[in-house]
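All values below come from the heavy atoms of this structure, side chains included, with hydrogens, waters and symmetry mates left out. Counting starts at 1 for both ligands and their atoms, following the listed order. Fair warning: this is a prediction, and the values are worked out from it, not measured in the lab.
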Amino acid sequence: MSVSQPPETRGNGWVGQAIRRKEDPPLIKGQGNYVDDMTLPGMLHAVIVRSPEAHATITSIDKAGAEEHPTVVAVLTGEDLAAELAGPIPMVWAPPGVEIKTPEHWPLARGEVKHVGQAVAVVVGTDRYAVADAAEEVIVEYESLPAVVDPERALEDGSPFVWDDFCTNQTHEWAIAGGDAEGALRDAEVVVERRIVNHRTAGAPIEPRSSIGDPRGDGATLYSSTQIPHIARFVLSGMLGMAEDKIRVVAPDVGGGFGAKLQVYGEEALVLAVARRLGRPVKWTETRSEHMTTSHHGRDQIAHVTLGADREGKITAWKVRHVCDLGAYFQILTPFIPELGFPVAGGCYAIPNIKLEFVGVFTNKFATDAVRGAGRPEQTHMVEVMMDQLAAEVGIDPVELRRRNFIAKEQFPYETPLGIVYDSGDYHGSLDKLLEHVDMDAFRREQAELRERGVYRGIGLSTYVEVCGLAPSRAVGPQGVGLQAAFWESAVVRVHPAGSATVYTGTSPHGQGHDTGFAQIAADRLGLDPANVEVLHGDTDQGPMGWGTYGSRSLAVGGESVGRAALKVQEKAKRICAAMLEAAPEDIELADGKFQVRGSPDKAMTMVEIAGAAHIPPQELPTDIEPGLEETSFYDPENFVFPFGAHACVVDVDAETGKVEVVRWVAVDDCGPAINPMLIDGQVHGGVTHGIGQALYEQIVYDDEGQLVTGSFVDYALPTASEVPMFETDRTETPSPVNQLGVKGVGEAGTIAASPAVVNAVTDALKPLGIAYMNMPLTPMRVWQAIEEARGRGGGGPARTEQGRDVGEHGTGAAGSGPTSPGEGGAL
Ligand code: MCN
C-alpha cells in the first residue's frame, strides 16, 4: 500500500497505526454487557401483541384470558396507556414550503392498524416465556380493510387509501434542480432512460433491539440498544412529558445497528411508560421476526432515470423522478431519507444540469428510514449503473467514459449544480490506483477465453463519491434542509492526577471502533499511550450532549471534536510545563511522548508529571493557571466531507442456474488520512458485504395482501463469509480541508460503492446473451429467467423493447443508435 505521508495534524505518532481494537477482548470473550444481559431488581418482561392484519379496524380487544395468567401483572392497550404518553412518535423533517402529510403514530394502535406487526397491546409479567404464552391469549378482533402494497399503484386513481383523511396516498413531493436538465435533454445526442428499482431491505444487526425502562429514583432510566442515546432522551422527554434532566438514556454494548437503531421506536417509550405506571423496571427484547417486521426498513425506491449525453459520452443532463415507498407511518426521519442522497446526485461527474423529484407514498407496510448509506446508495447505484448503460449505448469503454466525465482534481472545491460543495477529491487518482490492481486488458483476454468454454465472467466498476460527516447544523437544520435538529458533536478530555485520561464523546459506537480510534487521536495530542486513554460514550448522564453515530459522521465530527478538546488540554499542559521549566509556552513542543523545551530534549516533562502539577499545584505554578486538566469542545463543521473511491467486482454467472458468484473484489477508498487503517479495512469489508447482500440476496418482500413474506433469516438471505471473496483493499489519502484531522467518513463507503459494481459485473458477464440490465436483487431465479428469455429471443439478437413492471425486472441489449425512447434498452 502506498499512501501519502502523514500531515502535521497527526501529532505524536499513534494516528495512522493499525493497532488492534481495544474494545474487542471483552466482546469476544463473552464479557460484553448488552441490554438483554441486564437484570434489574423486580424487573418485569413485556411481550407485544401485534397485528396479523395489514389494514383493519380493531373492533374489540379481549384481555381476560391473558390477565388470568398467574405470572401476568398487566395487559395494556393504546387506550389504557393514553394518560402515560404526552405525545406521539415525532417525525422531525419540516422542509420550508413543503407540506408533508404526517399521521399520528402512537406506540400502541388506537382503533385501527395500518401494517402487519403493528403493536396493539402489551402484556407484562414476571416470567418472559409465560408472558409470551399469555400474549397468545389476548383476543383481538379486526375488520379487514383493503391493503395498498405497490407504491406506483398506490398513486393511481381508484387506489384504496392508507389514510382516508388525507384522501391521497402521496405523502409529499420535494424537488431540487440546478441548470436546465429539460433543455439539455432536448438537445442531447443520446438519451438513456431506465426504471431502476432499489428494493426494500432490513438493517439486520446481530443483536436485535432491546430496551429496559427503569422508573426507580427521581425520574426514569432507559437502557436501550440505540445508536442515538441523547436524541432518544430529547424525543422521549416530549413523548413522556418529562423534563430531559429527569430522563437518563444508556446505550451499553450495542451489537450493530446499520441504521436500524438510528431511531426512537415506540417500544422505547412503551417500556418507560409501562414501567412508570407499574413502578417496576420493564424489559422488552425483540425476536428476529419482530425485527424483520417492525424495525425500520431501508431503500424501497423506484427511480425513473433519464440521462442525456453527446456521442463522445460527455454527460449533459441528469434527471430522476423517485417514487419512495415510506410505509404506513413515519419514524423520526422517514420522508427525509430518500432526499438525503441529493448532495451526491451526479456522482463523481461534472454534470451541468441536474433535476431531482421525490414523491413519497404511503403503503400498508412498516416505515422505511435510514439503513447504511440512507439515500446515498440509491443515488450512487443509479449513477454508476447508468454510466455502464451509457457506455454500452455510445460504444465507449466504461473506464474511459468515467475518465471523460470525472470532476478534475484541479476543480476542487467543486460546486455541483445543486449548490453542494465537494471539499476535495482526486477521482482519476483512485481509478488509476484501482487499475494498478486490476489489469483490464488481461481480464478481457481471460473473459474471452472463458466465454469460449461457456463460462460467463464479468467485471463491474463503481467510482463513487459519498457525502458524510453529518453535518453542518445550519445546512441541515431548520433553516437548511429542514431537520428539526442540529448535528455538531461534543467531547470532553480529562487527564487524571496520575496521568491517564478519559475521553467522553457524544457519538455512540456500536461496532465501529471509536474506543480505539478516538483514543489514538487523544493520545497523540496528550503524549500518552492509547492504552491509557479510555473512551466513554452512550450515557446521557456522562459528558455533554451529543448527536450519536450514523451518517459516517463520528470521526469527521466527533473525532474532530475529541482532537480539538485534546489540543486545548495540550495547550494548558504546555503552559504548566513552561512554568515548571522556566521557559516560554511557545517554546514547548510535544515530541516522542514528552513535553520538552524546543531544542533541549533533556529539559522535558511527561504528561504524568504535568498532570500531577495540574492537580496538586506546586509553588512555582502561577496562580492564574487554574487547577485540573480537563477541556470540553463543541464542534460544528463548516461543510460535509466527501469520501470517494473506485471499486471493481468480478463475478461468474452460472448460465444454467442463474447463480452469481463474486470471485474478486478490489476496493480503493479515500477517507482522508487514516486514523487506524485496520478500522478502515474492517469498515470496508463489512460495508461491501452489506452492498453485495442487497445486490444478490437480501430483500424484504410483502405479498399483495400486505403480509410479510420474509419474516426470518430463512427467507431473508444475508450473505455470510462463504458468499464473499477475500477483499483486496487499498487507499489513496486526499485530506479534507473541512477539519483539522483532514478526515472523511468510511462507515458506509463500501455499501454505497458495492451494489452498482455487482450489477455492472453481472451485466458485463451476460452481454453475449443480449441482457443489458437487470434490477436487484440478482437472485438465481431472476438471472435465470433473464437468460431464458434472452435465449428464447435467440440471445445476442437485436434489442427488444420490454415495458411494464410485470415482465420481470430485466431488459434486453441496448444496441440502438441515436436517442432512445422510454423503455428502450430494457429499462424495467
Ligand atoms: N476511520 C479511520 N480513519 C479514517 C476514517 C474512518 O480510522 N480516515 C475509522 C473511525 O475512527 C471509525 C470508523 O473508521 O472507527 C468509522 O468511522 P466513520 O466513517 O466516522 O463512521 P461512524 O463511526 O459514524 O459509523 C457510522 C457508520 C454507519 S452510518 C453505519 S450504518 C455502520 C457503520 O458505520 N454501521 C455499523 N459501520 C458499522 N460497523 C459495525 N460493526 N456495525 C454497524 O452497525
Side-chain angles (χ1 to χ4, degrees), residues 3-4 6-7 9-10 14-19 21-24 27 201 203-207 225-228 253-263 298 340 369-377 466-471 487 489 505-522 535 537 546-563 641 643 645 669-691 731-736 739 741-752:
V3 292
S4 63
T9 48
R10 283 187 167 191
W14 288 105
V15 162
Q17 288 194 34
I19 61 175
R21 298 190 349 164
K22 285 156 62 95
E23 50 269 74
D24 282 350
L27 298 179
T201 62
I206 198 162
E207 178 209 21
S225 56
T226 178
Q227 298 175 218
I228 48 167
D253 287 328
V254 176
F258 307 110
K261 296 172 183 169
L262 161 53
Q263 194 54 266
L340 181 53
D369 208 299
V371 166
R372 203 173 197 168
R376 291 154 290 156
E466 185 201 344
V467 53
C468 65
L470 307 179
F487 296 92
E489 204 40 83
T505 171
T507 67
S508 198
H510 41 281
Q512 290 86 354
H514 298 179
D515 295 18
T516 307
F518 289 11
Q520 288 174 263
I521 294 168
V535 178
H537 42 76
W547 293 84
T549 287
Y550 48 86
S552 301
R553 68 184 301 270
S554 299
L555 177 61
V557 191
E560 173 73 7
S561 189
V562 169
V641 287
D669 295 284
D670 193 321
C671 51
I675 300 301
N676 182 329
M678 203 188 293
L679 293 177
I680 294 175
D681 273 354
Q683 290 296 308
V684 171
H685 292 185
V688 172
T689 304
H690 202 138
R731 298 195 317 280
T732 55
E733 290 193 353
T734 308
S736 169
N739 55 63
L741 296 168
V743 294
K744 307 181 176 192
V746 75
E748 296 156 296
T751 308
I752 289 167

*Compute the minimum heavy-atom distance from Pro205 to ligand 1 and say whether it is under 4.0 Å.*
no
*Can a non-hydrogen atom of Gly257 be found less than 4.0 Å from any atom of ligand 1?*
yes
Rounded to the nearest 0.5 Å, how far apart are [atom1] of [X] and [atom2] of [Y]?
X	Y	atom1	atom2	result
Arg21	His514	CZ	NE2	9.5 Å
Ile680	Arg731	CD1	CZ	5.0 Å
Arg553	Glu560	CZ	CD	12.5 Å

Considering only heavy atoms, which of [options] lies nearest to [atom]?
atom	options	answer
atom 21 (O) of ligand 1	Gly687, Pro735, Ala674, Ser552	Ser552
atom 4 (C) of ligand 1	Thr507, Leu555, Thr516, Val254	Leu555
atom 9 (C) of ligand 1	Val743, Leu679, Val557	Leu679
atom 29 (S) of ligand 1	Gly551, Gly469, Gly747, Ala260	Gly551

Those atoms of ligand 1 less than 4.0 Å from some heavy atom in [X]:
X	value
Lys744	5 (C), 8 (N)
Pro673	4 (C), 8 (N)
Gly511	40 (C), 41 (N)
Gly259	31 (S)
Glu748	28 (C), 29 (S)
Gly745	19 (O)

*Considering residues at least two apart in sequence or located in another chain, which fulfil the side-chain hydrogen bond (donor to acceptor under 3.5 Å, both in side chains) criterion with Lys744?*
Asp423, Ser424
Between [X] and [Y]: side-chain donor-acceptor atoms closer than 3.5 Å:
X	Y	value
Thr505	Glu489	no
Gln520	Asn676	yes
Asp515	His537	yes

*Work out which heavy atom in Gly259 is nearest to a heavy atom in Gln227; give both atom names and the distance.*
N-OE1, 3.0 Å
*asked:* For a quick test of reading the model, state the closest non-hydrogen atom pair linking Ser225 to Val254 and the distance between them.
replied: CA-CG2, 4.0 Å
*Residues forming a salt bridge (Lys or Arg N to Asp or Glu O under 4.0 Å) with Arg376, sequence neighbours excluded*: Glu466, Glu748
*Are side-chain heavy atoms of Asp670 and Pro643 found at a separation under 4.5 Å?*
no
*Validation row: His510, Thr549 side chains within 4.5 angstrom (heavy atoms)*: yes
Looking only at protein heavy atoms, which one is nearest to [atom], and how far off is it?
atom	value
atom 3 (N) of ligand 1	Ile675 N, 3.0 Å
atom 43 (C) of ligand 1	Phe258 CE2, 3.2 Å
atom 39 (N) of ligand 1	Gln683 NE2, 3.4 Å
atom 7 (O) of ligand 1	Asn676 N, 3.0 Å
atom 23 (O) of ligand 1	His514 NE2, 2.6 Å
atom 26 (C) of ligand 1	Gln512 NE2, 3.5 Å
atom 2 (C) of ligand 1	Ile680 CG1, 3.6 Å
atom 14 (O) of ligand 1	Val746 CG1, 3.6 Å

*So which bit of Tyr550 gets within less than 4.0 Å of ligand 1, heavy atoms only: side chain, backbone, both or neither?*
backbone
_Once you restrict to heavy atoms under 4.0 Å, what part of Arg372 touches ligand 1? Side chain, backbone, both or neither._
both
*Aromatic rings Phe258 and His690: how do their planes relate, parallel, tilted or perpendicular, breaks at 30° and 60°?*
perpendicular
